[in-house]
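Labels below follow one simple rule: chain letters A, B, ... track the order of the sequence lines, proteins then strands, and each chain is numbered from 1.
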2 protein chains.
Amino acid sequence: MAGKAGKTLPTAAKAGAEVRPRRRRKDARPQELTAAALALFVEKGFAATRLDEIAARAGVSKGTLYLYFDSKEALFKAAIEEGVLPAIEAGEALLDEYGDDPVGLVRGFLRAWWEQIGSTAYGGIPKLMFAEAANFPEVARYYNEAVIQRGVALLRTAVARGIASGVFRPVELSVISPLLISPLIHLATWRNSIAPLCGAGVDPDCYLETHIDLVLHGLCAGKKPDGEPR
Amino acid sequence: MAGKAGKTLPTAAKAGAEVRPRRRRKDARPQELTAAALALFVEKGFAATRLDEIAARAGVSKGTLYLYFDSKEALFKAAIEEGVLPAIEAGEALLDEYGDDPVGLVRGFLRAWWEQIGSTAYGGIPKLMFAEAANFPEVARYYNEAVIQRGVALLRTAVARGIASGVFRPVELSVISPLLISPLIHLATWRNSIAPLCGAGVDPDCYLETHIDLVLHGLCAGKKPDGEPR
DNA sequence: TTTTAATTACTGACTGGTTAGTAATTAAAT
DNA sequence: ATTTAATTACTAACCAGTCAGTAATTAAAA
C-alpha cells in the first residue's frame, strides 16, 4: 500500500557511502519508540500496525524494540500511559487557576484541552481507545477512570457551581460534561481519520470558539455570558 | 474455541445426535453475513476480526463466506454500504417533513439520527470508519461524501434558514453542523466501546434532550426556543 | 409415486504468505 | 577486554483464501 518507504532513515551519516551509525541511546529510546508506536496505532489501529514499521519510524530495528518492551501489547500500554499523565496534570492545574469562576473554568478547560491534548499527538488517543476498547478492556477501563471520569467530574463541578451561583440556568448535571467535551473529541478524531483524506476541513479555532460561544449562551440562558471573548 | 472436531473425516453422520441442520438459505445469507461482519468489525476492528468468527456468528463455515464475497475487504465494504442507504434516506425524508421550520428541523434531525442510526447497529459505523479510515481511504471518502457531507449540508441549511428568518442569532455556518451532531456521534461511539466495560452510563434520552435544549437555547439567544419540549 | 440423476449450498482440512517474538551475531562504548 | 546496545537471521504460530468433497434440494426417469 504505502510503498515508497525507501531505506530506514540512516540518520544522515556524514558523507561516505551508506554507513549506518548505529547510535546508542538507551535513555531516549523508550520515548522515541512509544511516540512512533502511538502515531502508528492511532493511524492504522493496533492489529494493522507492524512492529517493523514502528521500529523503522523510530530509526531502529525490530529487535531493539524488545530491549525496551516485552511485547507488542506492552508497547501499546506504554504508549497510552504516555498520554495519560499530561492529561491529568493539565486538568488539575485548571482548578487552581479558575477555582471559583465557572464561566472562565469551562472556557479554560475547553481551550486547554484542545491546546494541550486535542491538537497534539495525544489527540489521537480517544479514537484509539474507542477503537481498541474491546481488545484491551483493562487499558480502556484504566483510561476511563484515570482520565475521562476525572475530566468529567471537573467539568461537572464547574457547571454545578455556576448553577449554584445563578450564573448558569439549571441543566442536567449527569450529562453536561460529555456534551461539553464531545465536540472537541470529535474534532480531534476527525483530524486523525477522515481529514487527512480530504483537503481543508474546518478551522479548529473557529470551531472551538463557536462551540464555547454556543454552549455558554445555552447555559446562561437570557443573560449574556460575560468574560473576554478571547 | 469450538474444538469438538474429533477425527479428520466426519463421514460418519448417522450418529443421530449432534448433526447440525445445514440449512440452505441462499437469499438470506448476504444480509446475515454483513450483519455479523459489521457487529464484529465495530467491536474489534477490521484486522482483529477473524473470518472464522464472522462465519460462526452467522451460523455458517468460512468457506460459505467466499461463496458470497470475494475477500475480507469486499465484506467490509458491503457491511459499510449496508448502513449507508438507510442514513441517506432518513436524511432526505426530513426535508419534506420540516422543510420550513428551522427549530423543528434541527430537533427532528437530531432525534431521527439517534433513533434510526445512533441507537441501532449502524451506530457503530462512525467509530468503525474513523478507526479504519487510513486503512480504507476509498471507503472513508465515499462514506464522507455520501453520508457525512450530505447530513452536514442538511443541518447547515436548516440553521441558515433559521438565521435568515430571525429565529436564530448569527453563528458561523461552516462549523455549526459538526457542533450539532458530534455529541450524538460521541454517544453512539461510547456505547460501542467503553460503555460495555462499565456498568450503566448516561441515559441516552436525557443526554439527547439536554443537548437539544442547550443548543437551541444557544442558537436562539435571548428568545425562548419555542416548540414542544417533548 | 418412487428411483435416479443433476445441481446447488455448504463444509472443513489444507496451504502459503505474513509477522510477533527469539537467538546468534556485530559493533560501539567504557 | 569486557560490557552493552543494536542488528540480522531465524522460527513458530496464525489466518486469509482455496478446493476436494458432502449433504440438501430439485428435476427427470421409471
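- Atom pair A:Lys44:NZ and C:dT19:P shows a separation of 10 Å (rounding to whole Å applied).
- In this structure, a donor-acceptor pair under 3.5 Å is absent between the side chains of B:Glu43 and B:Asn192.
- Counted by atom type alone, A:Glu73 and A:Ser71 present zero donor-acceptor pairs between their side chains at under 3.5 Å.
- Atom OH in B:Tyr68 sits roughly 17 Å away from atom P in D:dT18 (whole-Å rounding).
- For B:Arg50 and D:dC14, the shortest distance from a side-chain N or O to OP1 or OP2 is not below 4.0 Å.
- Using bins of under 30°, 30° to 60° and over 60° for the plane-to-plane angle, the ring pair B:His186/A:Phe130 lands in the perpendicular bin.
- Taking atom CZ on A:Phe41 and atom C1' on C:dA20, their separation rounds to 12 Å, with Å as the unit.
- Closest non-hydrogen pair, A:His211 versus A:Leu180, comes out as NE2-O, 2.8 Å.
- In this structure, the nucleotide among C:dT11, D:dG17, C:dG21 sitting nearest to the side chain of B:Thr64 is C:dT11.
- For B:Lys62 against D:dG17, a side-chain N or O and a base N or O form a donor-acceptor pair under 3.5 Å.
- Between the CZ atom of B:Phe69 and the P atom of D:dA16 there is a distance of 16 Å, given to the nearest Å.
- C:dC10 atom P lies 16 Å from atom OH of B:Tyr66, rounded to whole Å.
- Here C:dA9 presents its P atom at 14 Å from CG of B:Leu33, a figure rounded to the nearest Å.
- One atom, CG of B:Asp70, and another, P of D:dG17, lie 10 Å apart when rounded to the nearest Å.
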